[in-house]
Amino acid sequence: MEGSSNSNSRGFFNTSGVSDRNSPPTSRSKPSSYHHVDDDSLGIDDDPFVRSLEWGDVSLRQWLDKPERSVDVYECLHVFRQIVEIVSAAHSQGFVVHNVRPSCFVMSSFNHVSFIESASCSDSGSEDGPVSHQKKKEEKVSYDKILERQIEKLEEEEEKKQKQRFPMKHVLAMETSWYTSPEEEFGSPSTCASDVYRLGVLLFELFCPVPSREEKSRTMSSLRHRVLPPQILLKCPKEASFCLWLLHPEPSCRPSMSDLMQSEFMTEPRDNLEEREAAIELRDKIEEQESLLEFLLMIQQRKQESAYRLRDTVSLLSSDIEQVSKRQLVLKKKGSSHSDLSRDQSLLSFPEEPTSMTLLASRKRFRQVKTPPEETGAKADDEESSQGRSTFLESSRLMRNFKKLETVYFLTRRRQLKASAAASGKSLTRHSPLSSENRSSVSNPAAAAPKDFNSNDNSRQGGWIDPFLEGLCRYLSFSKLRVKADLKQGDLLNSTNLVCSLAFDRDGEFFATAGVNKKIKIFECDSIVNNNRDIHYPVAELASRSKLSSVCWNSYIKSQIASSNFEGVVQIWDVARSQLVTEMKEHKKRVWSIDISSADPTLLASGSDDGTVKLWSINQGVSIGTIKTKANVCCVQFPSDSGRSLAFGSADHKVYYYDLRNPKIPLSTMIGHSKTVSYVKFVDSSTLVSSSTDNTLKLWDLSMSASGVNETPLHSFAGHTNLKNFVGLSVSDGYIATGSETNEVFVYHKAFPMPVMSYMFSNTDSTSGLEVDDASQFISSICWRGQSSTLVAANSNGNIKILEMVT
């Protein structure tokens, strides 16, 4: 059994069922002169004990000392058998294991035991001289350092748990004495019989859990004298008897490993243990099958719910297709009544019918397909219609945004169904095919479709068609922005040309620019477009004492324009005479925005950093009302048809809508932005769009406010970049133009949340016209020319362009 070799004793592991991840490096020998021991040389980080803990295994010592551990005979025998096999494999190769102790083993979650003790602590039973002794001494120091490190880690875990009954450091210190055989205490060398003694101590610990530290010490001290507690003698007499045999004080009286392996104690429970393991394995397989079954049932349930939703969606689409087909049939009948006109002329007479599906095909057809006028008759008309439909479906922009358009369609239908359900007193959740439950379906699409095109019920159900069709037509009507003209100012005296505000007069004839150069410049739009000059001079120029933040034309008095500046002053100017008419100085801080009411051209509103909105009488030159808020006011806007209401955006991320006849509380508060609201503009009398430095525009329905709060915008427009600057916002005929911090102009339509088109400014110097490497440039202001397809935009470097939407 005992050899004289001092080679690596870890070679027996793989024969004992120890996992490969516990195998040591192939070479770990050191020169005999190597004496210095440090953490790096010990390979602490590569120590298998460390790796085992990281993989979630637990030390056998920790497992034994768990307060809640109860004795399971088969489980304990299973653990003991594995350790015996490991020791037996070592002995068969002529090695004494030495450290058959719980702290040198780890257990996986399946009670698989692995020996993680250093190979240096196992050798033959004989000494090989001074070199071997020195080497063992160094390796012993190495192991002690490793053990010390593990103790520290275990203590850290103790502090977190704070409920460990046995202080791990104390137990590990006492463990060495517990597992020392009597002959070793008297100075005799360790032999294979010593390992058998340690197996006896381990068997005792497996079958005799102790609840307290003091009792543990007493019990283990008594074990040295082969005195066993009464409970193990009564409950486990066979195990107790076998334990005493292994603990015999005389090494020669202890069994050898071969006798131990062949003993009845080790062989008898094997069959029962195997049966139990088979039963456990079977139970685990049943549980696995149950988990798989539950998983499949969950998938089936979700797919069934998806099938219900899909069936309801198809039913809804069938109903809508029938509605649109009936509308188209009515329009065709109207067209056929004009017998004195050709088919093409008949189609061209339809623009006043925005609800027609043929309108969309006609727009696409006449814009993109040139049909010879001599082609007449049914055959030519069929070919034309087919070609129009093909052109429509193959529109790259439509197909690129098909998913988003589909989403908008269903959102539109949901709103319409919700409104219909509210009008009829029904619940959308239970009866709508677009409800959250989505279990109800339209079983008869034909019955759901309208019977009469002119009936009130049909008008109510088909109310979604007109706005969606109009939005789709307008979305597809234009595809890009084209530069009509570049405004070349040649302002050599001003190095800073940031344009903060742009505004067209009431007729779209002149536009004004204002910014940090402290000047309001008036330009004639057509002159710039039609005359390609090296320098464009303003028709008028108004000088201010401070940087300008906003300008606004009076919609009634053509030559009157208002401005606001960084000093908090609101000014009224007469452009025709280039004179300042009135100054109003009641704000305490910078004024960001002003607006003159179109319905009441003597009324002006201003918003300031002082947290107030002031209403001014232009004729009197004094404020006639103040709305106080808790945050900076960044923008104000009157609706075009009323001077009795006002909207403004604030640095508190909210949009407020007031009835000026009751300025104490807002009529509606719109909550949805996550950063400062920089602009608000009315799209129409009941719809408002807001811009924020949270990268979005939001469209609000003012009629949807419940209890004065609206947290659900109709759309959130995204595509541009706006995180810190004021980039401009303007609205015209449903189109919404905004700037971007990527130096681009983006155009949206109110019906859809994705951009219709965009245009990028080149990074050029406004004075020299040369390209500059300046990625920080951004669009700073933008304004539509009335209700036309033309707009003017300026960027932070002072470049101004007149752009036009084209097909």
Side-chain angles (χ1 to χ4, degrees), residues 359-360 363-368 391-409 467-487 502 504 508 511 525 529 679 681 683 687 689-691 695-699 714-722 727-763 777-795 799-807:
L359 176 63
L360 178 58
R363 287 185 179 184
K364 298 297 290 181
R365 188 162 58 243
F366 285 105
R367 193 174 73 220
Q368 300 184 20
T391 304
F392 164 69
L393 293 174
E394 292 176 2
S395 167
S396 61
R397 193 150 45 90
L398 183 141
M399 298 310 297
R400 185 169 60 249
N401 294 290
F402 189 85
K403 281 289 184 183
K404 293 180 180 179
L405 290 169
E406 179 185 353
T407 301
V408 173
Y409 160 74
F468 184 79
L469 177 60
E470 180 187 3
L472 186 61
C473 290
R474 290 186 178 275
Y475 177 79
L476 297 173
S477 294
F478 301 101
S479 61
K480 62 182 179 180
L481 286 166
R482 178 178 64 88
V483 178
K484 293 183 71 174
D486 276 301
L487 179 60
L502 293 166
F504 272 97
F511 68 87
C525 187
V529 172
Y679 297 94
K681 299 289 180 182
V683 178
T687 311
V689 63
S690 59
S691 173
N695 265 346
T696 66
L697 309 179
K698 293 189 184 294
L699 189 70
L714 297 176
H715 290 305
S716 286
F717 304 93
H720 63 288
T721 301
N722 184 200
V727 295
L729 181 70
S730 187
V731 176
S732 173
D733 197 23
Y735 289 102
I736 304 167
T738 186
S740 173
E741 288 166 6
T742 56
N743 211 20
E744 291 176 276
V745 173
F746 281 81
V747 176
Y748 299 88
H749 189 269
K750 66 178 182 178
F752 304 120
M754 58 281 188
V756 178
M757 66 199 80
S758 65
Y759 175 82
M760 178 173 282
F761 273 45
S762 58
N763 293 331
Q777 291 188 25
F778 60 92
I779 303 300
S780 57
S781 187
I782 198 164
C783 185
W784 288 103
R785 187 181 187 182
Q787 298 298 306
S788 70
S789 60
T790 300
L791 61 87
V792 60
N795 77 349
N799 295 309
I800 299 175
K801 294 180 184 291
I802 298 175
L803 305 172
E804 180 182 27
M805 293 192 299
V806 294
T807 57

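Here, residue 1 is the first one in the sequence, and each next residue gets the next number. This structure is a prediction, so every number in the text was calculated from the model and none was measured.
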Practice task
Start with the C-alpha gap between V792 and L803, add the side-chain angles, then the distance that decides, and say whether side-chain contact (heavy atoms from CB on, under 4.5 Å) holds.
Solution key: CA-CA 6 Å; V792 60; L803 305 172; over 6 Å; no
[X] versus [Y], closest heavy-atom pair with distance:
{"X": "L502", "Y": "A794", "result": "CD1-N, 3.8 Å"}
{"X": "P755", "Y": "G719", "result": "CG-CA, 4.3 Å"}
{"X": "G508", "Y": "C525", "result": "O-CB, 4.3 Å"}
{"X": "L729", "Y": "I782", "result": "N-CG2, 3.5 Å"}
{"X": "V529", "Y": "A485", "result": "CA-CB, 3.9 Å"}
{"X": "F717", "Y": "H749", "result": "CE2-O, 3.3 Å"}

Problem - Chi angles and distances behind the side-chain contact (heavy atoms from CB on, under 4.5 Å) call for V408, F468 - result: CA-CA 9 Å; V408 173; F468 184 79; 4.2 Å; yes
Nearest 0.5 Å, what's the [atom1]-[atom2] distance between [X] and [Y]?
{"X": "K750", "Y": "L714", "atom1": "NZ", "atom2": "CG", "answer": "10.0 Å"}
{"X": "F504", "Y": "S788", "atom1": "CZ", "atom2": "OG", "answer": "7.0 Å"}
{"X": "M757", "Y": "E744", "atom1": "CE", "atom2": "CD", "answer": "13.5 Å"}
{"X": "L472", "Y": "L405", "atom1": "CG", "atom2": "CG", "answer": "6.5 Å"}
{"X": "F478", "Y": "E804", "atom1": "CZ", "atom2": "CD", "answer": "8.0 Å"}
{"X": "S762", "Y": "N799", "atom1": "OG", "atom2": "CG", "answer": "6.5 Å"}

Are side-chain heavy atoms of [X] and [Y] found at a separation under 4.5 Å?
{"X": "H715", "Y": "Y748", "answer": "no"}
{"X": "V727", "Y": "E741", "answer": "yes"}
{"X": "K698", "Y": "V689", "answer": "no"}
{"X": "I802", "Y": "F511", "answer": "yes"}
{"X": "V756", "Y": "R474", "answer": "no"}
{"X": "F761", "Y": "V745", "answer": "yes"}
{"X": "V806", "Y": "K480", "answer": "yes"}

Problem - Residues in side chain to side chain contact (heavy atoms under 4.5 Å, CB included) contact with T407, at least two apart in sequence or another chain - result: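 Only L411 meet the side chain to side chain contact (heavy atoms under 4.5 Å, CB included) criterion with T407.
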Exercise for the section: Could I get the full list of side chain to side chain contact (heavy atoms under 4.5 Å, CB included) partners for S732, not counting sequence neighbours? Expected result: W784, Q787
[X] side-chain N/O to [Y] backbone N/O, donor-acceptor pair under 3.5 Å:
{"X": "N695", "Y": "N722", "answer": "yes"}
{"X": "S740", "Y": "T721", "answer": "yes"}
{"X": "S479", "Y": "T807", "answer": "yes"}

Problem - Full working for side-chain contact (heavy atoms from CB on, under 4.5 Å) between N743 and I779 - result: CA-CA 5 Å; N743 211 20; I779 303 300; 3.8 Å; yes
Problem - Test log, rule side-chain contact (heavy atoms from CB on, under 4.5 Å), inputs L481 and M805 - result: CA-CA 5 Å; L481 286 166; M805 293 192 299; 3.6 Å; yes
